[in-house]
Amino acid sequence: MLDRNFNNLYIALDSLGANRLRSFLTALGIIFGVAAVIAMLAIGRGAQAEILDQMKLVGVNNIVIKPKAEDKKDGDQQQKESDDKSGNSNGKAAATKARFSKGLSIADAESIRRIIPTVAVISPEMIQEQDVIYASKSSKLKIVGVEPAFFEINNITIGAGTVFNQRQRIAGEGVCIIGSDVKRKFFISEDPIGKTIKCGDQWLKIIGVTEEKTISKSTKDNLGIRDYNLDIYIPIQTSLIRYKNPSLYLGAGENAFFSNNNQQPGNQIFHQLDQLVIQVHESESLSESATIISRMLRRRHNDVLDFEITIPEQLLKQQQKTKDVFNIVLSAIAGISLLVGGIGIMNIMLASVLERTREIGIRMALGAQKKDIVMQFLFEAVLISLTGGIIGVILGVSGAYLVDKLADIHTIVSGISIFISFVLASAVGLIFGISPARKAAHKNPIECLRHD
């Protein structure tokens, strides 16, 4: 039995070798179909891994609040609604009546922490650029005032040293934690822990160094985040005491709010915080918490919309859904290509059966059974599919690599995708080769021998 199958396989190989060009053209549909399947699976896995990495970067269950200039349309609409409620129809009086907001502040953060029960951790940030000097090296870097919760929320690990202790935070001591790239820039061959570095007009003692956090350029652009490795972190109280506190300018802003003449007042807002990140206990409470926080801040800011709230996790999940739909469509196209390849194999095999009618008659006359004829043509169909599958795998892996390098789209080729492609290629050859093989086996040997 085994010898008969080997003999049928040898005959199939001999037939394919005698018609190399036709066999290759027959396999083209399988080649492109398999290549497309591997490339699409690689792009899909890469997109999924990228989304998961981005979720790790922005943190889970986070709500991000950033200050912004009040939109003039929003301000005019709010003013009109207020005038309608108070019965004020005097346009001139309305013009001189403007709302005043103290901006996003630490007081807002404390109020949210105290009042909203769904809040787990809260991290205010103050960001400013300063000239950083150590020995003969200098650079302009971001000095970020944070609380210890910042490192937990953003999944930043302290590689060496320690985080700020309670005494340093409350007293606003001149201590800092530097990013890994800051260490490379200023401390190439020495340990930075315990060293003093000048940031602006302040000397800060280094107490810690963060581990490197790899962030791709596309991720930075997509999420609008900065490179944490190039930041210098100080306690937020240190930022308030030793550097400029924007809230101290509120008095000047308020005095400048009305000018001596009857011009329309300015509406300059001095935000104390550059960002406020809030982490809630459960993902289910993200939207409700964001709505409550928005209403609370509107009330505290005198109904001035000088902030914007985003939920990165929800944005990323929506982005993932979009990419999933895109991958499904592309996979369907790849499947259609495989189907077309299978139909091509069946058509060519049917034509081959017609051409080789006399050969089939001779084999049957010499003692070949119907199953031998079936196996011969099935072997031919499966071999065409497997050969196309091998070439398709090479093209698919190469295509995924080129997409990753040239198009800057992250791809991951897995062993399971290659296995699936081989299984699909074999299945296509087997399924679409059965009909021609059965047709060949059921031919009448006498009629086959009469065929010219």
Side-chain angles (χ1 to χ4, degrees), residues 5 8-9 11-13 15-17 19-50 320-321 323-353 371 374-404 407 409-441:
N5 284 333
N8 292 327
L9 177 62
I11 294 172
L13 285 170
S15 175
L16 293 176
N19 300 278
R20 294 186 185 89
L21 180 60
R22 186 173 68 179
S23 301
F24 174 74
L25 294 176
T26 305
L28 278 179
I30 301 297
I31 291 172
F32 292 122
V34 168
V37 167
I38 290 179
M40 291 310 102
L41 289 174
I43 291 172
R45 286 179 62 87
Q48 188 177 24
E50 194 173 25
Q320 178 63 49
K321 287 181 182 178
K323 288 185 176 181
D324 286 344
V325 172
F326 179 69
N327 288 331
I328 289 170
V329 172
L330 291 180
S331 299
I333 295 172
I336 291 171
S337 178
L338 279 174
L339 179 64
V340 171
I343 293 171
I345 288 176
M346 186 168 67
N347 287 337
I348 295 298
M349 293 304 297
L350 287 171
S352 178
V353 168
K371 62 181 179 181
V374 169
M375 292 305 296
Q376 175 190 340
F377 284 92
L378 270 183
F379 275 136
E380 288 186 23
V382 172
L383 284 171
I384 290 173
S385 296
L386 285 178
T387 305
I390 293 170
I391 299 173
V393 167
I394 296 171
L395 281 180
V397 172
S398 303
Y401 176 79
L402 290 174
V403 166
D404 194 356
I409 298 174
H410 187 45
T411 59
I412 299 176
V413 178
S414 63
I416 189 68
S417 64
I418 295 175
F419 174 76
I420 289 173
S421 300
F422 268 117
V423 170
L424 286 174
S426 302
V428 166
L430 191 62
I431 292 169
F432 287 91
I434 287 175
S435 178
R438 286 175 61 85
K439 184 176 180 180

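On a predicted model such as this, the values are computed, not experimentally measured, just so you know. Counting from 1, the numbers follow the sequence of the chain as shown.
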Chemist: Ala27 and Gly388: which non-hydrogen atoms are nearest, and at how many Å?
Modeler: CB-CA, 4.1 Å
Chemist: Does some side-chain heavy atom of Ile343 sit less than 4.5 Å from a side-chain heavy atom of Phe432?
Modeler: yes
Chemist: In Å and rounded to the nearest 0.5 Å, what is the CD1 to CD1 distance from Ile416 to Ile420?
Modeler: 4.5 Å
Chemist: CG of Leu402 to CD1 of Ile409: how many Å apart, nearest 0.5 Å?
Modeler: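 One gets 12.0 Å once the value is rounded to the nearest 0.5 Å.
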Chemist: At their closest point, which heavy atom of Asp404 faces which heavy atom of His410, and how far apart are they?
Modeler: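 Asp404 and His410 have their closest heavy atoms at OD1-CA, 3.9 Å.
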Chemist: State, to 0.1 Å, how close Ala400 and Thr411 come at their nearest heavy-atom pair, and which atoms those are.
Modeler: O-OG1, 3.0 Å
Chemist: Going by heavy atoms in the side chains, are Val34 and Val393 under 4.5 Å from each other?
Modeler: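 Contact flag for Val34/Val393 side chains = yes.
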Chemist: What distance do Ile418 atom CD1 and Ile390 atom CD1 have between them, rounded to the nearest 0.5 Å?
Modeler: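 These two atoms lie 12.0 Å from each other.
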Chemist: Shortest non-hydrogen contact from Gly429 to Ala381?
Modeler: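 Between these two residues, the closest heavy atoms are O-CB, 3.4 Å.
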Chemist: Between Leu338 and Val428, what is the shortest heavy-atom contact and its length?
Modeler: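 Residues Leu338 and Val428, closest heavy atoms: O-CG1, 4.1 Å.
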Chemist: Would you call Phe24 and Ile31 a side-chain contact if the rule is heavy atoms closer than 4.5 Å?
Modeler: yes
Chemist: Atom CG in Leu378, atom CZ in Arg438: separation rounded to 0.5 Å?
Modeler: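 Between atom CG of Leu378 and atom CZ of Arg438 there are 10.0 Å.
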Chemist: Measure across Ile38 and Ser421 and return the closest heavy-atom pair with its distance rounded to 0.1 Å.
Modeler: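 Looking at all heavy atoms of both residues, the shortest contact is CG1-OG, 3.1 Å.
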Chemist: Roughly how far, to the nearest 0.5 Å, is CD1 of Ile30 from OG of Ser426?
Modeler: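 With rounding to 0.5 Å, OG (Ser426) is 9.5 Å from CD1 (Ile30).
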Chemist: Using a 3.5 Å distance criterion without hydrogens, assess whether the side chain of Ser417 forms a donor-acceptor pair with backbone atoms of Leu41.
Modeler: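 Between the backbone of Leu41 and the side chain of Ser417 there is no qualifying donor-acceptor contact (under 3.5 Å).
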Chemist: Could you tell me the separation between the OG atom of Ser385 and the CD1 atom of Ile431, rounded to the nearest 0.5 Å?
Modeler: 10.0 Å
